[in-house]
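The structure appears right after this line, and notes come after that.
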Amino acid sequence: MRQILVGTKGTFTLRVQSEHLANQFKDAILPQVLATPVMILAMENAALNAIRPFLEEGESAVGTEIAIRHLAATPVGRTVRAEAEVINTTGKRIEFKVSASDEIEEIGNGTHQRTVISLQSFNARLATKRAR
């Protein structure tokens with residue numbers, strides 16, 4: 001991993017479709033609005049996009065912590081734009097300020113942490129766990 005500077009930013013956009021709705025993930029009687037886990041997915045992808053240019057071959061980064069507030073509902077057809085900004089790095093751990101907005105307003109914000117991993121080592125540990 002190359003050095004990641006505080007202030008590095010990434011984005012991810014998502015057009016809200018029926019498979020992204022709260023009533024598909026939880027209770028069918030919920031309104032047809034963007035599900036919180038999907039908003040978080042967009043934020044995590046924005047964070048990964050921010051640091052992707054700094055990763056070496058064979059590296060990726062996994063989510064290890066998230067503290068998010070979902071502030072407003074977003075209906076089908078709207079576009080959600082998630083943004084992530086690096087606010088701290090400690091070794092292989094990277095902390096982000098994250099937010100998401102639709103065309104009208106901010107719909108969520110919080111913090112997120114990712115840890116850079118070696119895919120080879122990660123897959124080896126996973127294989128050992130599967131074998132147990």
Side-chain angles (χ1 to χ4, degrees):
M1 171 182 79
R2 294 184 292 281
Q3 183 180 1
I4 300 169
L5 301 175
V6 170
T8 298
K9 295 180 182 180
T11 63
F12 180 83
T13 57
L14 171 82
R15 188 145 186 93
V16 179
Q17 304 293 322
S18 60
E19 62 267 20
H20 303 135
L21 303 180
N23 66 351
Q24 299 295 311
F25 283 89
K26 300 170 191 158
D27 189 341
I29 66 169
L30 288 171
Q32 293 187 2
V33 295
L34 180 69
T36 303
V38 178
M39 181 186 72
I40 292 170
L41 173 71
M43 292 171 166
E44 287 198 58
N45 283 334
L48 187 55
N49 286 343
I51 63 171
R52 192 178 307 277
F54 300 92
L55 299 176
E56 303 288 347
E57 186 174 332
E59 290 182 327
S60 190
V62 295
T64 53
E65 186 176 313
I66 193 144
I68 297 298
R69 296 181 311 148
H70 197 159
L71 305 171
T74 303
V76 172
R78 295 286 184 176
T79 298
V80 171
R81 178 182 168 88
E83 299 179 349
E85 179 179 352
V86 174
I87 58 173
N88 191 28
T89 62
T90 306
K92 293 184 176 208
R93 188 174 62 232
I94 303 114
E95 296 175 58
F96 302 86
K97 175 177 71 173
V98 292
S99 65
S101 301
D102 59 25
E103 295 96 328
I104 307 297
E105 61 191 332
E106 182 178 49
I107 63 167
N109 61 43
T111 58
H112 174 47
Q113 186 179 103
R114 299 189 78 76
T115 299
V116 175
I117 61 163
S118 158
L119 290 169
Q120 183 177 5
S121 297
F122 187 89
N123 288 331
R125 286 191 304 275
L126 189 57
T128 300
K129 189 172 188 176
R130 280 190 190 120
R132 289 186 191 167

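Predicted model, so just to flag it, every value in this text is computed and none were measured.
- Side-chain atoms of N49 come within 3.5 Å of backbone atoms of T11 as a donor-acceptor pair (strictly under, hydrogens ignored).
- Remark: of the listed residues V86, L48, T64, I66, L48 is the sole one forming a side chain to side chain contact (heavy atoms under 4.5 Å, CB included) with R114.
- Between the side chain of Q24 and the backbone N or O of L21, no donor-acceptor pair lies under 3.5 Å.
- Separating the CD1 atom in I117 from the CZ atom in F122 is a distance of 5.0 Å, to the nearest 0.5 Å.
- The shortest heavy-atom contact between P31 and A22 is O-CB, 4.5 Å.
- For the atom pair CZ of R81 and OG of S101, the computed distance is 9.0 Å after rounding to the nearest 0.5 Å.
- Rounded to the nearest 0.5 angstrom, N109 CG and E83 CD are separated by 11.5 Å.
- Considering all non-hydrogen atoms of both residues, A46 and A84 come closest at C-CB, 3.7 Å.
- Hydrophobic clustering (ILVMFWY, side-chain heavy atoms < 4.5 Å, transitive): L71 and F12 are in distinct clusters.
- Within a 6.0 Å radius of CD in E106, other residues, nucleotides and ligands contribute more than 12 heavy atoms.
- For the pair I68 and M39, the tightest heavy-atom approach, listed with the atom from each and the gap, is CG2-CE, 3.5 Å.
- Between V116 and F54 the shortest side-chain heavy-atom distance does not fall below 4.5 Å.
- Cluster annotation: L30 and V38 are assigned to distinct hydrophobic clusters (Ile/Leu/Val/Met/Phe/Trp/Tyr, side-chain heavy-atom contacts under 4.5 Å, transitive).
- Judged by distance alone, with hydrogens and angles left aside, the side-chain atoms of R2 form a donor-acceptor pair with the main-chain N or O of P53 at under 3.5 Å.
- The local environment of CD in Q120 is sparse, with at most 12 non-hydrogen atoms from other residues, nucleotides or ligands closer than 6.0 Å.
- Note that OG of S60 and CD1 of I51 are 7.5 Å apart. Values are rounded to the nearest 0.5 Å.
- E103 places a side-chain N or O within donor-acceptor distance of the main-chain N or O of T79, the cut-off being under 3.5 Å.
- Atom CG of residue D102 and atom OG1 of residue T74 lie 4.0 Å apart, to the nearest 0.5 angstrom.
- Here H112 contributes atom NE2 and I94 contributes atom CD1; the two are 9.5 Å apart, rounded to the nearest 0.5 Å.
- In this structure, V16 and V33 have side chains that are not in contact, with every pair of non-hydrogen atoms separated by 4.5 Å or more.
- Nearest approach of A50 to F96, heavy atoms of both residues: CB-CE2, 4.2 Å.
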